[in-house]
Protein chains: 2
Amino acid sequence: MQTLNTYKPKNINTHLIEIQDYFKIAISVDCVIFGFDENELKVLLIKSDLDQYKSKWSLLGDIVHTDENLEDAAYRVLLNRTGLQDVYLEQVHTFGKVCRHPAGRVVTIAYYSLINIQHSTIRNMDNELHWHPVKKVKQMAFDHREILDACYQRLQEKLKEHPVGFNLLPKKFSLRELQNLYEAILDVKLDRRNFRKKIMSMGLLIDLNEMEDDVPHRPAKLYKFDAEAFEKKEKNLLGLES
Amino acid sequence: MQTLNTYKPKNINTHLIEIQDYFKIAISVDCVIFGFDENELKVLLIKSDLDQYKSKWSLLGDIVHTDENLEDAAYRVLLNRTGLQDVYLEQVHTFGKVCRHPAGRVVTIAYYSLINIQHSTIRNMDNELHWHPVKKVKQMAFDHREILDACYQRLQEKLKEHPVGFNLLPKKFSLRELQNLYEAILDVKLDRRNFRKKIMSMGLLIDLNEMEDDVPHRPAKLYKFDAEAFEKKEKNLLGLES
DNA sequence: ACAAAAGTGTTAGATTTACACCCATGA
DNA sequence: TCATGGGTGTAAATCTAACACTTTTGT
């Protein structure tokens, strides 16, 4: 083992060195775009045209431009593909196995995003883009299955602690819709009364005094997410932690 | 807004394109190396020699080689700097603001690592490398303060749910040492009896039937971490989830 | 004998889970 | 009037938090 008193390498954090030699790796972002429809969590995928992955499904991603922040690249992909801005986006993990991409060394930063499927300009009739039920996705191109799994797991953990599910629903929704969403994402059955109690106790719902329409049973009350109360809550939490 | 039926860009995930043009970004790893000593959580830092950050402290990191996996780069940094192999390592977040590094565009993948300070070959007398109490770190070079904060927060969350603290302790330790570690990392005061109950109920400690030595009070029993039981537990958990 | 930390159970409070009936609407 | 899901409260069980005295060692 080398001793450390003598090991003092030049280093990008400590010395100004030429980094030209290291510009041999490309960086991309890949977005796991989640939507909720027909009581299922879905993910937006595109058919790859690479020979090696002909007809396999892949995530939506792109190379990061030299003068572009990582998040901006992810938002760019989202805007291009879904027509949506101001969506929920979270970085999850960076995947960089040497041989993960046939075009060369490509390190990819994985994000997941939560969008309202109805608001997007994608329709399932489009040729290339399809919404897939997350639970039924089988083979994927590259290491995208691994990326999807990591993002799905992160979403599950996030949802258990934070009210992010609203991003997947329309502005107005019933408690049943919200519960269906939790059940679909967490893959569990929840007790209706306990769920309602818990959600209500968060104090993040505004009663719209409106009802569902056109349902063949007693209509449910409609609510919207109280973004203001949520922000106030977040701020307090940070304040107490500091 | 562009319509999506007509927007079908070539893309690194879907088409074979030249990525030479994109080799303009360097990739590095930065390691937040945590140790536990004198009842404090400490982080290993090095003085930067870059003009811009003269005498500021920075994390230990390096450029990722073209033929090297990301984790391998992180393990390389760890081995070079601490002389340690087989250490706990976890990827946390990737930082890539356009202007975060004066040498050009450098995207860095942040890891944190938990090591036993006694086992490392670093001594505080070394010129460049110093162990800093995490709570007392002030200014740092680059965006390293932000990286440290992200890693520390992740460590706190991890420790609440998973038994990773053992990586910071010597092979043999007392329950008091373990509690001191939890209190230092989580920045809370814990009830001794409740702590012992909870730790014992995890079933991850092996009673060594040995005692502390040379303490000016009643000596404590010594335990070691039951790695086998831990792995069995992890496996079961994964099994149930799938 | 004294100082200092080790070791050890019980109780109250809070949280979580389980569970069943009436209600409003459309067909 | 029937089928369907909406809406509501309570009790048991579990988990968490609070708390004090005796023991062992070195000085």
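Throughout, protein chains are lettered first and strands after them, A, B, ... in sequence-line order, and every chain is numbered starting at 1. As the structure is a computational prediction, the values presented were derived from the model and not from experiment.
- Remark: C1' of C:dA5 and CG of B:Asn39 are 13 Å apart, rounded to the nearest angstrom.
- In this structure, A:Asp213 places its CG atom 17 Å from P of C:dA24, rounding to the nearest Å.
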Collect all protein-nucleotide pairs involving nucleotides 7-9 of chain C in which both atoms are nitrogen or oxygen and the distance is under 3.5 Å.
from, atom 1, to, atom 2, distance (Å)
C:dG7, OP1, B:Lys221, N, 2.8
C:dG7, OP2, B:Arg196, NH2, 2.4
C:dG7, O5', B:Arg196, NH2, 3.1
C:dG7, N7, B:Arg192, NH1, 2.5
C:dG7, O6, B:Arg192, NH2, 3.2
C:dG9, N1, B:Arg193, NH1, 3.4

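- Evaluation of the salt bridge (Lys or Arg N to Asp or Glu O under 4.0 Å) test over residues 136-147 of chain B, restricted to residues two or more places apart or in two chains, returns B:Glu40-B:Lys136, B:Arg100-B:Asp143, B:Arg145-B:Asp149.
- Residues passing the ring pair (Phe, Tyr, Trp, His ring centres under 6.0 Å) test with A:Tyr75, sequence neighbours excluded: none.
- We find that CZ of B:Phe195 is positioned 18 Å from C1' of D:dC15, with the value rounded to whole Å.
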Please list, one pair per line, the donor and acceptor atoms closer than 3.5 Å that link side chains of residues 167-180 of chain A to other protein atoms, with sequence neighbours excluded.
from, atom 1, to, atom 2, distance (Å)
A:Asn167, ND2, A:Val164, O, 2.8
A:Lys172, NZ, A:Glu210, OE1, 2.9
A:Lys172, NZ, A:Glu210, OE2, 3.0
A:Ser174, OG, A:Glu177, N, 3.2
A:Ser174, OG, A:Glu177, OE1, 3.3
A:Glu177, OE1, A:Ser174, N, 2.8
A:Gln179, NE2, A:Glu183, OE2, 3.1
A:Gln179, NE2, A:Leu190, O, 2.9
A:Asn180, ND2, A:Asn39, OD1, 3.3

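- In this structure, the salt bridge (charged side-chain N to carboxylate O under 4.0 Å, His left out) partners of B:Asp207, at least two apart in sequence or on a different chain, are B:Lys221.
- In this structure, A:Met200 places its CE atom 19 Å from P of C:dT15, rounding to the nearest Å.
- Residues A:Pro216 and A:Lys198 each lie close to DNA chain C; by heavy-atom proximity, the contact nearer the 5' end of the strand is made by A:Lys198.
- Separating the CD atom of A:Glu212 from the P atom of D:dT4 is a distance of 16 Å, rounded to the nearest angstrom.
- The separation between A:Asp214 atom CG and C:dA27 atom C1' is 13 Å, rounded to whole Å.
- A distance of 11.5 Å separates CZ in A:Phe95 from CD1 in A:Ile109, rounded to the nearest 0.5 Å.
- The separation between A:His217 atom NE2 and D:dG7 atom C1' is 13 Å, rounded to whole Å.
- Residues passing the side chain to side chain contact (heavy atoms under 4.5 Å, CB included) test with B:Asp72 are B:Glu68, B:Asn69, sequence neighbours excluded.
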